Amino acid sequence: MNYTLVESESELQARLKKGACVVAAGMTDLYPSGQLSHTDRDLLDITRVASLSGIIPTDDGWRIGATTSWRAILDYPWPPGLALLAEVAGQVGAVQVQNAATVAGNLCNASPAADSVPALLALDATVELASASGTRMLPLADFITGVRRTAIRDDEYLRAICLPAVPEPAASAFVKLGLRAYLVISIAMAGGVVRVDSSGRVEDVALSLGACSPVAVRLPAIEAALRGQPVSAALIDCVTPERVQPAIQPIDDVRASAAYRADAAVQVVRDTVAQMIERLA
Ligand SMILES: Cc1cc2nc3c(=O)[nH]c(=O)nc-3n(C[C@H](O)[C@H](O)[C@H](O)COP(=O)(O)OP(=O)(O)OC[C@H]3O[C@@H](n4cnc5c(N)ncnc54)[C@H](O)[C@@H]3O)c2cc1C
């Protein structure tokens, strides 16, 4: 395996076009996975490509470059509707991981327990994929296609994550359940974003749940039940097992049983709604 510190997107595109390459960012998934010890593909380190870095406000939202670390997400002054991203960032691994690891790497790794996915699904994120033959945009829901599977082609890389603005008044929340508070892979996690109209009712809401199915999912039955309701603690009771559990396919694994996950899923969504209500008060 050859290692290359790539200097520009044109160099990256040319190398990917030739084939037999692996894109590397923080390497916090790549290295522990052991994939590198039995591959003859070339490793393309993108962390020095200037055009892939940074969080940039756009006309209609934000653009998170591919090499943006969790630390940068944690430190960014997000408005209330996107502030859940900082909550995710503060709970990914520990400080060392947050400094090196990228949000884009978390998406491309496509683990069912990837903490960014429920939050970015609730934010209606799209990903920008680039290659020597052009650029295409995909909604995040179409990008992750299964356990550790994405729609990215071998000649492409993820250039940026694009987020629409969330008009205020708004609130957001991320709730993660693990076996302990830090350095832990999620048993279940939920992300939520709510917007309120001038009469204090829920104008729009997005809720999603991760680690309880092969790919994180939105929860349309709860979103529909909450829309149009006055903001009050009564909203928490709209989150019922009947509205959550049909959307998920929890499994037994080393972290939790499927039955425990099914119950925990309901609770993390209730906690997410409760936190959003508190933040709107
Ligand atoms: C101790 C530890 C704790 C962790 N805790 C958590 C946690 O709490 N929650 C969580 O969700 N994850 C956790 N992780 C997993 C990991 O840190 C995250 O998934 C991280 O965001 C991956 O980013 P990275 O930049 O290190 O990706 P890398 O390891 O560099 O890459 C991951 C995958 O994405 C591909 N890739 C990366 N960038 C691109 C790109 N721009 N275009 C195309 N392909 C790309 C790589 O080829 C590889 O397949 C933890 C890992 C460790 C080691």
Side-chain angles (χ1 to χ4, degrees), residues 1 3-6 9 12-13 15-16 20-36 39 41-49 51-54 63-74 84-85 87-121 127-131 135-136 138 140 143-144 147-162 174-191 210-211 215-216 255:
M1 182 187 67
Y3 168 88
T4 305
L5 190 56
V6 178
E9 286 193 68
L12 178 62
Q13 290 170 10
R15 290 293 300 266
L16 287 170
C21 295
V22 181
V23 174
M27 292 194 61
T28 61
D29 276 319
L30 261 182
Y31 190 74
S33 74
Q35 298 170 43
L36 299 178
T39 179
R41 294 195 290 164
D42 291 345
L43 197 63
L44 304 180
D45 182 335
I46 61 169
T47 52
R48 298 289 194 278
V49 179
S51 59
L52 295 178
S53 76
R63 185 183 159 85
I64 299 175
T67 59
T68 304
S69 67
W70 284 112
R71 180 73 214 187
I73 298 285
L74 183 61
L84 81 167
L85 290 174
E87 290 185 278
V88 178
Q91 295 179 70
V92 170
V95 172
Q96 294 91 334
V97 171
Q98 292 162 14
N99 285 341
T102 61
V103 189
N106 195 246
L107 290 184
C108 292
N109 193 53
S111 160
D115 283 324
S116 67
V117 183
L120 292 171
L121 276 180
V127 294
E128 183 179 328
L129 305 176
S131 71
T135 300
R136 60 184 177 128
L138 271 189
L140 178 58
F143 176 67
I144 301 182
V147 177
R148 301 198 182 278
R149 280 193 293 125
T150 70
I152 203 163
R153 298 191 313 255
D154 282 351
D155 67 333
E156 285 179 317
Y157 57 99
L158 192 158
R159 179 186 272 157
I161 300 158
C162 302
F174 173 74
V175 173
K176 169 169 172 168
L177 174 72
L179 290 171
R180 57 178 186 239
Y182 289 102
L183 254 181
V184 73
I185 301 299
S186 296
I187 291 171
M189 70 292 207
V215 182
R255 287 183 284 277

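All ligand and atom numbering here is 1-based and tracks the order in the structure. Bear in mind that the values here come from a model prediction, so they are computed numbers and not experimental data. Quick note: numbers below take in every heavy atom, side chains included, and nothing from hydrogens, waters or symmetry partners.
- For the pair Tyr157 and Ile46, the minimum side-chain heavy-atom distance is 4.5 Å or more.
- At a 4.0 Å heavy-atom cut-off, the residues surrounding ligand 1 are Val22, Val23, Ala24, Ala25, Gly26, Met27, Thr28, Asp29, Leu30, Ile46, Ala66, Trp70, Gln91, Val92, Gly93, Val97, Ala101, Thr102, Gly105, Asn106, Cys108, Asn109, Ala113, Ala114, Asp115, Ile152, Tyr157, Leu158, Lys176, Leu183, Val184, listed by chain and number.
- No side-chain N or O of Ser111 forms a donor-acceptor pair with one of Asn109 less than 3.5 Å apart.
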Expected list for residues 179-189: side-chain donor-acceptor pairs under 3.5 angstrom, two or more places apart:
{"from": "Arg180", "atom 1": "NE", "to": "Tyr182", "atom 2": "O", "distance (Å)": "2.9"}
{"from": "Arg180", "atom 1": "NH2", "to": "Leu183", "atom 2": "O", "distance (Å)": "2.5"}
{"from": "Ser186", "atom 1": "OG", "to": "Asp115", "atom 2": "OD1", "distance (Å)": "2.6"}

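- Nearest heavy atom pair, residue Gln91 against residue Lys176, reads O-NZ, 2.9 Å.
- The nearest pair of heavy atoms linking Ile144 to Val117 is CD1-CG2, 3.7 Å.
- Between Val88 and Ile73, every side-chain heavy-atom pair lies at or beyond the 4.5 Å cut-off.
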